[in-house]
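These notes are about the structure you will find just below.
Labels below follow one simple rule: chain letters A, B, ... track the order of the sequence lines, proteins then strands, and each chain is numbered from 1. The basis for the numbers below is simple: all heavy atoms, side chains too, and nothing from hydrogens, waters or symmetry mates.
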Amino acid sequence: MSEERSLNFLEEIIEEDLKSGKYKFIVTRFPPEPNGYLHIGHASSICLNFGLTRKYPGFTNLRFDDTNPVTEETEYVESIKEDVKWLGFEWKHERYASDYFGTLYEYALQLIDKGLAYVDDSSSEEMAAMKGTPTEPGVNSPYRDRTVEENRDLFVRMKNGEFPDGSRTLRAKIDMAHINMLMRDPILYRIKHAHHHRTGDQWCIYPMYDFAHGQSDSIEEITHSICTLEFVPHRELYDWLIEKLEIYPSHQYEFARRNINYTVTSKRKLLQLVNEKYVSGWDDPRMPTISGLRRRGYTPESVREFCDRIGVAKRENMVDVGLLEFCVREHLNKIALRRMVVFDPLRVVITNYTGSGEWLQSENNPEDPQGGSRSVPFSRELYIERDDFMEVPPKKYFRLAPGQMVRLKSAFIIRCDEVIKDEEGKVQELRCTYFPESKSGADTSGLSVKGTLHWVSIQHAVPVEVRLYDRLFRVEDPTDEAGDFKDYLNPDSLKVLPGVYAEPALADAVLSDRFQFIRMGYFVLDRDSQPGKLIFNKTVGLKDAWAKEVKKGG
RNA sequence: UGACCCAUGGUGUAACGGUAGCACUACAGAUUUUGGUUCUGUCUGUUAAGGUUCGAAUCCUUAUGGGUCAACCA
């Protein structure tokens with residue numbers, strides 16, 4: 001209660017409802033259709049629905065909107081449950097719209113008996129022709145005035161499987177001239193002789209969204225049914241059905257879905273990327289799916305923080321993916337174990353180092369005093385990053401250059417004395433001297449350097465594979481460009497570096513570990529790893545002020 | 001040429017008739033054994049025009065701009 005944060009419009013409504021005594025507690029639901037994997041946009045809805053009942057008394061159901069058997073699969077149900085749990089939420093009841101098929105059928109019969117629904121034999125083309133347009137009224141179907149008895153008989157026979165797919169529908173009898181297209185005798189039931197992932201072959205008629213969603217809300221006594229803006233026009237039908245059926249009055253509220261730049265969040269488009277092999281699967285680390293983010297190394301905390309920061313409103317929006325990256329960096333900075341990994345090795349020989357090697361201590365995480373340290377082997381021959389040396393350095397280059405000194409992280413200060421090149425002039429090796437009295441933590445050398453480099457001891461180095469990811473698309477809004485959205489895929493969204501060298505402590509990595517490869521970015525072990533062949537995914541890079549400086553200069 | 005929803009810095013979101021704030025980004029500086037982190041500071045905004053009011057981002061009108069609606073999808 002100490003928090004001063006202002007309420008979003010849904011919280012305002014809820015607080016009002018609670019204060020007025022309209023409800024003692026609230027009930028929300030997260031209603032995915034099991035026809036694809038959840039993405040970052042869904043995360044927003046999950047955090048909203050579950051977050052509300054975490055903040056206010058009440059609970060949230062997980063309800064699968066499984067009314068279209070031809071696109072829905074158990075695989076999706078399982079992935080959705082896993083993703084919601086991973087995000088850190090618990091549902092009160094696990095429900096399915098298909099649980100209510102019997103009740104929904106009874107509801108349909110009631111509407112027929114009230115003269116509020118009829119069986120239509122029109123084809124979908126005929127129906128479309130009679131529907132009118134947003135500016136012109138529709139016309140009544142010739143089947144609109146069938147008797148209650150006839151409608152009942154036909155509907156029962158529809159259910160009994162006497163008619164082929166597409167031959168008949170059950171429609172609500174509202175008003176073909178209604179200004180709201182959805183009120184022009186919307187279809188309630190259609191015939192689909194299809195196998196359903198839960199009810200099998202029990203049914204051959206399936207309710208449409210509008211005759212399932214609101215009724216399911218009502219059956220579960222959902223108080224606040226929260227959906228996205230495109231359902232605003234459906235609300236009139238939602239309310240009409242509840243009123244005519246005289247069932248529990250759930251209420252629908254709409255908020256604007258979140259769009260994020262440089263990606264797509266449409267299940268249809270994501271499915272295409274998967275089916276047409278533009279990515280390795282739903283959990284490809286470049287995908288904006290929850291499973292993709294998880295494999296990429298995002299933490300549930302950071303995704304929740306992101307959803308919290310972008311808030312909830314009703315206006316169109318395009319959230320900068322940079323905010324998501326900020327959130328994950330913020331969390332990972334606190335928890336990631338620091339390790340040294342050289343991506344593009346350049347050999348360094350410490351010419352005055354005569355020992356056989358030694359083990360130095362290095363902190364696991366400077367942000368975490370309790371994090372402890374690990375041992376890192378130092379020896380005469382090391383790898384440093386090729387980028388960390390320049391023969392002719394520009395101004396303000398704090399890394400290694402002929403005659404210049406740097407500190408090797410957690411080790412010694414070295415000076416570059418000699419550059420060894422091959423016939424083509426490519427730098428092969430650096431000859432350096434080290435200053436024994438500059439040892440990290442016990443530095444009495446009096447030397448001071450501007451740069452600190454990461455490094456690995458060649459004889460102790462563990463070869464690993466690193467997969468570097470960049471945004472999947474090269475434009476902010478691929479769906480807003482001319483032509484196919486796939487034309488705007490970023491060809492450099494994945495770079496595999498098969499031979500990079502890590503300090504030995506990394507060999508013990510497990511899937512749940514989060515690492516910061518010092519000066520390189522945040523990484524996580526990939527599930528493709530084999531014993532002896534570790535693969536790391538780049539979650540996100542570190543902010544890079546030097547790269548920015550270089551860019552400005554050139 | 002209809003109905004509905006929406007309009008605050010580059011982005012996202014507050015201000016509920018009374019000082020336009022916060023976060024991200026960008027920029028500048030300090031600190032730093034990660035050019036990371038941390039800290040300090042700076043830039044940028046109420047779509048427009050009328051009206052109501054002592055006072056309008058907020059209320060009213062009109063305009064403009066964006067979005068949604070004519071699937072047996074959800």
Side-chain angles (χ1 to χ4, degrees), chain A residues 5-8 12 31-33 35 65-68 70-72 120 122-124 127-129 131-138 165-171 178-182 184 187-192 205-206 208-210 212-213 227-236 254 256 258 261 267-268 309-327 329-330 333-334 338 340 362-363 366-367 396-399 406-411 413 438 440-441 443 448-454 516-521 541-550:
Chain A
R5 254 186 93 210
S6 52
L7 305 176
N8 65 48
E12 281 180 2
E33 184 190 9
N35 68 346
D65 237 329
D66 55 348
T67 57
N68 185 5
V70 303
T71 60
E72 295 155 5
D120 195 327
S122 307
S123 68
S124 75
M127 237 182 261
K131 189 113 187 188
T133 72
T135 53
E136 302 162 78
D165 287 5
S167 60
R168 286 185 165 85
T169 57
L170 180 75
R171 303 178 71 180
H178 200 108
I179 201 74
N180 181 347
M181 297 286 290
L182 282 155
R184 321 243 261 230
I187 294 173
L188 267 21
Y189 264 97
R190 78 285 215 189
I191 301 171
K192 272 182 198 282
I205 55 170
Y206 292 93
M208 296 286 290
Y209 166 84
D210 286 301
H213 198 105
C227 62
T228 47
L229 245 32
E230 66 267 31
F231 291 97
V232 168
H234 291 253
R235 191 175 61 230
E236 195 169 9
E254 311 86 10
R258 320 310 315 209
N261 57 12
K267 277 196 273 188
R268 208 194 92 250
R309 281 178 183 254
I310 60 182
V312 180
K314 297 187 78 162
R315 74 184 86 118
E316 296 296 316
N317 59 80
M318 178 68 81
V319 183
D320 193 334
V321 68
L323 183 62
L324 217 207
E325 295 176 343
F326 167 84
C327 292
R329 278 195 198 103
E330 184 185 46
N333 178 48
K334 290 193 198 111
R338 311 294 134 122
M340 293 198 283
S362 189
E363 66 213 331
E367 305 298 317
K396 293 198 280 183
Y397 185 79
F398 304 146
R399 281 114 94 145
V406 294
R407 172 171 292 282
L408 296 177
K409 172 74 180 168
S410 298
I413 291 175
S438 68
S440 188
D443 187 347
S448 82
V449 294
K450 284 239 162 119
T452 300
L453 308 186
H454 62 281
Q516 183 196 106
F517 294 175
I518 292 179
R519 301 208 302 138
M520 303 306 275
L542 260 21
K543 280 215 285 192
D544 191 345
W546 174 245
K548 208 178 277 181
E549 187 70 29
V550 170

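Note: NE2 (His178(A)) to P (C69(B)) measures 17 Å, nearest angstrom. Between the CD atom of Glu230(A) and the P atom of A70(B) there is a distance of 11 Å, given to the nearest Å. Between Met318(A) atom CE and G12(B) atom C1' there is a gap of 12 Å when expressed in whole angstrom units. Taking atom CD of residue Glu367(A) and atom P of nucleotide U37(B), one finds them 9 Å apart after rounding to whole Å. Atom-to-atom, NE2 of His213(A) to P of A74(B) comes out at 11 Å; the value is rounded to the nearest Å. Rounded to an integer number of Å, the gap from CD of Glu325(A) to C1' of G12(B) is 15 Å.
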note = Under a 4.0 Å heavy-atom criterion, the protein footprint on nucleotides 17-32 of chain B, written with B, S and -, is ------SSSSSS----

Could I get a table of every N or O pair under 3.5 Å where one atom is in the protein and the other is in nucleotides 3-9 of chain B?
unit_1 : atom_1 : unit_2    : atom_2 : d
U8(B)  : O4     : Arg315(A) : NH2    : 3.4

Could you run down the sub-3.5 Å N/O contacts of the protein with nucleotides 71-73 of chain B?
unit_1 : atom_1 : unit_2    : atom_2 : d
C72(B) : N3     : Gly166(A) : O      : 3.3
C72(B) : N4     : Ser122(A) : O      : 3.1
C72(B) : N4     : Gly166(A) : O      : 2.7
C73(B) : OP2    : Arg190(A) : NE     : 3.1
C73(B) : OP2    : Arg190(A) : NH2    : 2.7
C73(B) : OP2    : Lys192(A) : NZ     : 3.1
C73(B) : O3'    : Arg190(A) : NH2    : 3.2
C73(B) : O2'    : Asn68(A)  : ND2    : 3.3

message = Determine whether Glu367(A) and Arg338(A) satisfy the following criterion, salt bridge (Lys or Arg N to Asp or Glu O under 4.0 Å), listing intermediate values before the conclusion.
response = CA-CA 10 Å; Glu367(A) 305 298 317; Arg338(A) 311 294 134 122; 5.1 Å; no

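Judged by distance alone, with hydrogens and angles left aside, Ser440(A) brings a side-chain donor or acceptor within reach of the base of U33(B), the pair sitting under 3.5 Å. Side-chain atoms of Arg519(A) and base atoms of U34(B) include no donor and acceptor less than 3.5 Å apart.
If you check every strand for non-hydrogen atoms under 4.0 Å, Gln516(A) touches a base. Within 4.0 Å (heavy atoms only), Val312(A) reaches sugar-phosphate atoms of the nucleic acid but no base atom. Using a 4.0 Å heavy-atom cutoff across all strands shown, Gly451(A) reaches no nucleic acid atom at all.
Of the C1' atoms belonging to U19(B) and A57(B), the separation is 14 Å, rounded to the nearest Å. Only the P atoms considered, G65(B) is 35 Å distant from C24(B), to the nearest whole Å.
Scanning for ring-ring contact (aromatic ring centres under 6.0 Å, His included) contacts around His454(A) gives an empty result, with sequence neighbours left out.
Taking a pair as Watson-Crick or G-U with both hydrogen-bonding distances under 3.5 Å, the stems of three or more pairs touching RNA chain B are B:2-7 with B:64-69, B:10-13 with B:21-24, B:26-30 with B:38-42, B:47-51 with B:59-63.
Between Lys543(A) and Glu325(A), no side-chain nitrogen of the basic residue sits less than 4.0 Å from a carboxylate oxygen of the acidic one, so the salt-bridge criterion is not met.
Applying the side-chain hydrogen bond (donor to acceptor under 3.5 Å, both in side chains) test to pairs two or more places apart or on separate chains, those with a residue in residues 227-236 of chain A are His178(A)-Glu236(A), Asn180(A)-Glu236(A), Asp210(A)-His234(A), Thr228(A)-Glu230(A), Glu230(A)-Arg257(A), Arg235(A)-Glu254(A).
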